[in-house]
Amino acid sequence: MSSFDKSAVEVASLSVGELSRVSEALVGKEATDCWQLSNGACAANYGVYFDEDKVVVKAVVGADSGTLAVNLLSVLKQLEGTGVAPAPRSDVVVPCATHDGRKACAVAMSLVPGKPANELVRRDGVPAVEAYGEIGTTLGKLHSSSSSPGVVALQDDEGASSGASSANQANVKNDVADPRYLETFVRVVSLEETLRRDCDDVFGEWATARLDGARRALGRRDLPRGLLHGDPYADNHVLVWDSDKKAVTRATLVDWEDVAVGPFAYDLACALVACAFPVVVEKKESDSTFSADLDADVAAAVLRNYASQRPAFSRDEATALTDLMLANVLACATYRWHQFNVVDPKSPPPAKESYREMLAIAKAIEHDDRIASLAATYCA
């Protein structure tokens with residue numbers, strides 16, 4: 001469970017004038033009010049009022065923002081009515097630019113009620129087992145629905161529609177079974193080149209030593225496959241918590257710009273990395289230390305709830321989780337290092353150090369093999 005607050009990075013934000021233009025182009029009428037919901041290095045979300053109507057405008061940033069935004073909108077349309085994703089509120093993707101001139105593309109969707117799971121735990125005192133365990137429920141629902149024929153029609157690399165008879169056959173740029181997916185995830189052309197050119201010796205050696213293992217894990221074709229959220233971290237899972245009933249009454253996954261087709265177990269591995277390994281940061285005068293340990297109760301809740309919604313969860317998937325978790329940690333750590341120390345060297349210190357949280361989680365995963373045995377207890 002990362003302690004890094006992505007809102008400290010404002011690379012993706014739009015100016016007021018650009019947000020006004022984009023909102024009107026997406027919804028077809030002039031906005032009456034707006035506010036920033038979240039920001040970061042890859043995307044920004046805004047709440048926009050059109051009189052009494054509330055809409056979220058998401059701006060995705062980067063050279064591949066057009067493809068990512070089209071994929072995002074397509075998936076929201078496909079998942080409409082399932083309850084696991086916001087409903088789309090636009091039929092188009094609108095090109096735009098961030099406050100500092102970076103290429104971006106925007107889409108509109110419904111504003112879902114609730115708060116991010118990590119905020120409920122940290123600020124509202126909701127038990128981690130309840131809030132984070134619910135991520136397993138939502139992913140199980142998503143993976144059960146996306147294994148059915150006709151669920152997904154995404155965009156290929158050229159932007160042409162790639163309609164598919166099932167999620168398993170879709171040709172998607174972000175296919176985690178493609179060895180290039182790791183590079184796509186961290187937004188660099190060549191991970192080896194980045195590690196060699198930009199990373200310090202210690203981190204570069206650590207990451208390079210794990211690259212082949214990550215590629216093997218992501219490239220497995222023997223695991224059940226379908227539509228993935230791609231980034232089901234706790235801040236992308238919005239919950240409505242009923243304090244009287246002490247229960248979650250609604251759960252929605254947001255921030256779908258990393259949507260992909262690949263092994264279902266990858267999404268589950270990402271959720272476990274995000275929720276089941278709380279990170280402790282000890283700040284010192286000249287440096288900080290990062291440590292993490294497995295929260296077995298949270299991990300069990302995620303796995304149990306996932307299997308309850310997707311009974312087909314298999315032993316092969318359970319045994320693959322550790323390697324897929326390490327692949328996610330590698331991708332996330334490398335992205336954070338590259339983005340906040342090389343691409344944006346003026347990033348705030350917490351962003352610059354955030355990759356070290358992922359190193360602490362990797363150490364915990366490599367020294368604690370309980371995930372596979374926990375997962376096996378919930379297999380079909």
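Quick note: numbers below take in every heavy atom, side chains included, and nothing from hydrogens, waters or symmetry partners. Start at 1 with the first residue, then count along the sequence. Values in this document were obtained by computation on a predicted structure and should not be read as measured data.
Partner of Ile361 under the side chain to side chain contact (heavy atoms under 4.5 Å, CB included) criterion, chosen from Val329, Leu294, Asn328, Asp293: Val329.
At a cut-off of 3.5 Å, with distance as the only test, no side-chain donor of Asn118 or Asp235 sits close to an acceptor on the other residue. There is no side-chain donor-acceptor pair under 3.5 Å between Asp316 and Ser314. Residues Asn45 and Ser38 have side chains that bring a donor and an acceptor to within less than 3.5 angstrom of each other. Under the 3.5 Å distance criterion, with hydrogens and angles disregarded, a donor-acceptor pair is assigned to the side chains of His143 and Asp267. Side-chain contact check for His99 and Ser13: at least one donor-acceptor pair (N or O, by modelled atom type) lies under 3.5 Å.
In the displayed structure, Asp124 atom CG is contacted under 6.0 Å by more than 12 heavy atoms of other residues, nucleotides or ligands.
Ring orientation note: the planes of Tyr306 and Phe313 are nearly perpendicular, at an angle over 60° on the 30°/60° scale.
A salt bridge links Arg102 and Asp100; the closest N-O separation between the charged side-chain nitrogens and carboxylate oxygens is under 4.0 Å. Between Glu18 and Arg21, at least one side-chain nitrogen of the basic residue sits less than 4.0 Å from a carboxylate oxygen of the acidic one, meeting the salt-bridge criterion. No salt bridge links Glu24 with Lys29; every basic N to acidic carboxylate O contact stays at or beyond 4.0 Å. Using a 4.0 Å cut-off between charged nitrogen and carboxylate oxygen, Asp53 and Arg89 count as a salt-bridge pair.
Tyr46 is not connected to Val254 by any chain of hydrophobic side-chain contacts under 4.5 Å among Ile, Leu, Val, Met, Phe, Trp and Tyr, and they are in different clusters. Residues Val273 and Tyr378 share a hydrophobic cluster, clusters being chains of Ile/Leu/Val/Met/Phe/Trp/Tyr side chains in contact below 4.5 Å. Under the 4.5 Å side-chain heavy-atom criterion for grouping Ile, Leu, Val, Met, Phe, Trp and Tyr, Leu272 is connected to Leu374 within one hydrophobic cluster. In the hydrophobic clustering of ILVMFWY residues, with side-chain heavy atoms under 4.5 Å counting as a link, Val343 and Val60 come out apart.
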Derivation and outcome, ring-ring contact (aromatic ring centres under 6.0 Å, His included), residues Tyr132 and His237: CA-CA 9 Å; Tyr132 297 147; His237 197 233; 9.2 Å; no

